[in-house]
Amino acid sequence: MRPMDINLFAGGALSRAPARTFAMLLATAIGVAAVLVLTSLGEAARTFVTKEFRSLGTNLIIVLPGRSETSGAGPGMALAETNRDLTLDDARATRRSPHVDLVAPVVVGAAAANVSGREREVTILGTTGEFKNIRKWRMAAGEFLPDVDMDRAAPVCVVGDTIAKEMFVTGQPIGEWLRIGDRRCRVTGVLEPQGTSIMLDVDETVIVPVVSAQAIFDSPGLFRIILQAVSRDRIDAAKQDVRRIITARHYGEEDITVITQDAVLSTFDGILRTLTLALAGIAGVSLIVAGVLIMNVMLVAVSQRTGEIGLLKALGATRQQVLVLFVTEALFLATLGGIVGICLGYVLIAGMGLAYSELSFTPPLWATMGAMLTAMACGVLFGILPARRAAAMDPIRALQNR
Amino acid sequence: MIRLDALCRNFQVGDQEVHALDRVSLLIGRGEYVSIMGPSGSGKSTLLNILGLMDRPTSGKYLLDEVDTSTMPEAELAQTRQRQIGFIFQSFHLVSRLSAEENVELPMLLAGDAPAARRARSRAALERVGLGHRHDHRPNQLSGGERQRVAIARAIVMQPKLMLADEPTGNLDSASGQEIVALIEELNAQGLTLLVVTHDPAIGSRAGRTLRFRDGRLDQDQPA
């Protein structure tokens, strides 16, 4: 038989049983659409998280107090754990590394802020002027913290967008006084709205000099030291320098954890990639289910068309020709279902994009191709059993429709 | 044309072995018109199936055109069936979704002939059975007699040497039945070897030779 004739014959058979064809098409289409929608969800989560991490800055190195490694459980070990605080001097010392460009000590805590009688619980971020450059913040008005020595506790602060709007009735916070605990500071600047980021809600934050924050929270330690390496290829060198410098300052004890933004990023990236794959797998199961449905409906079709199969055999169709005809039908269905599913999937994804505009939903190409190929493979695979049954039919019995 | 040597066909029904055909030996020449008669279960349909290469004998030989069919592989049987044998059935067996013309084209479709050639030959075959004007009708738009004509056109379109008809008039009223018989007799007159299985003595007696079967055996072989 000519390939074109096989296609026409199979297509003709399908179009004569529209209800059956529609049911199978729908099952496959839903399976394919599910793969696209779920993987695009996973991808959206991944791009969202990596974008957030990137927005924290570039070439970042983060120093945390304490060692985040499992230590031995010997009796002497408890004594060896000192968990020394990170100090401003530690932060200042890291500047000695030629690979470090910017250094910002960070203290974070919550406290009540008060503006002429209006009080509100806010996040207090204590840092230095360099933090603005690391995070690449822009000012809506005024100035960020002054670039003075870390030790200087100037009575100034910078407020986030929400605080500027909600605590200052005049709408002009610059120059106004803001009270945190027993300290007063003058607002010198307002940040541009930032939206929520992974680390903190910048819009609801009051930024003060790091020493002021230490005084407010009555703690000499730092929450983090954030550093920016000179360039991407010097991140590792900077990381090692920082570790070496602080360890030396801590009398040779390595009681800090140094992580790089790249490492965190790639960890998250890896986790979320795995998640996307898992989602694809789950959706893939629905394709298998669609395949089973194709098989069942094809089996019904084979028994309904027994007479036709018998006739084809009487007219000289070989076993193989009958097999090819029915497998082609199943493949047709699966392919058509796959195409409909891709369209359906893209429509759903576009809908999701409208509903959640902050996430970008794009089904990955591998998922689109994979779903399509899986659908077609399912069609062939699950079409083979019914087709074999048709091919194996005894022409006489088939003609008598028994 | 056809030569059968001690042909047997047994079926297993439960634990009993049924001899549907029992040592049938037979010689049918080219261009003969043979009717096969006998009560139900006498083995005439089994014989027709074996002659049509849709079934294989349990033992014995069947030579078609001096070629032994018992050793043919399935693909070759299918091809022989396609090129040398035309079938007509009691219930026509037309594919309902296809037009008359497309039904007639089926054997050529399976043989892989070019579409243009197929169309021309199917039209010619439909003309020959007097249905040229209804080539684009579907089976359900045709009368019983017309449907059987389409089936006949399909059976002759490959220009076979042998035509096997299984109760060709069984589902027709007597007027259309007579037309169909006249048509296949005309084809026989043009050289086609014709074997008709029938219950109807009126039709059976028209053949040049009548084979009567009883309990799987060739009971009577009488020329008209």
Supply the atom-to-atom distance A:Ile396 CD1 to B:Ser45 OG, rounded to the nearest 0.5 angstrom.
9.5 Å
Which distance, rounded to the nearest 0.5 Å, do you find between the NZ of A:Lys313 and the CG of B:Leu77?
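If we round to the nearest 0.5 Å, A:Lys313:NZ and B:Leu77:CG are 11.5 Å apart.
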Chain A contact via [X] - side chain, backbone, both or neither, heavy atoms under 4.5 Å:
X: B:Leu98; answer: side chain
X: B:Ala155; answer: neither
X: B:Arg154; answer: side chain

What is the minimum heavy-atom distance between [X] and [Y], and which atoms define it?
X: A:Ala317; Y: B:Ala78; value: O-CB, 4.2 Å
X: A:Leu311; Y: B:His93; value: CD2-O, 3.3 Å
X: A:Ala314; Y: B:Phe89; value: CB-CZ, 4.1 Å

More than 12 heavy atoms of other residues, nucleotides or ligands under 6.0 Å from [atom1] of [X]: is that the case?
X: B:Arg138; atom1: CZ; value: yes
X: B:Arg56; atom1: CZ; value: yes
X: B:Gln141; atom1: CD; value: yes
X: B:Glu66; atom1: CD; value: no
X: B:Asp215; atom1: CG; value: no
X: B:Gln12; atom1: CD; value: yes

The interface call for A:Leu312 against chain B, heavy-atom contacts under 4.5 Å, is both
Heavy-atom pairs under 4.5 Å with chain B - which of A:Gly316, A:Pro395, A:Gly310 has more of them than the others?
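Option with the top pair count is A:Gly316.
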When B:Gln82, B:Arg97, B:Gln90 are compared by non-hydrogen pairs under 4.5 Å with chain A, the top option
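Of the options given, most contacts go to B:Arg97.
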Heavy-atom distance under 4.5 Å between the side chains of A:Arg305 and B:Val95, does that happen here?
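Sidechains of B:Val95 and A:Arg305: no contact.
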Looking at A:Thr318, is its backbone amide N or carbonyl O close enough to the side chain of B:Glu74 to form a donor-acceptor pair, meaning the two atoms are under 3.5 Å apart?
no
Of all the residues in residues 8-25 of chain A, which have a heavy atom that comes within less than 4.5 Å of a heavy atom in chain B?
A:Phe9, A:Gly12, A:Ala13, A:Arg16
Residue pairs meeting salt bridge (charged side-chain N to carboxylate O under 4.0 Å, His left out), one or both in residues 108-122 of chain B, sequence neighbours left out, come to A:Asp5-B:Arg118, B:Glu101-B:Arg119, B:Glu105-B:Arg118, B:Glu105-B:Arg119, B:Asp113-B:Arg121
Test log, rule side chain to side chain contact (heavy atoms under 4.5 Å, CB included), inputs A:Leu315 and B:Met158
CA-CA 10 Å; A:Leu315 294 181; B:Met158 297 297 283; over 6 Å; no
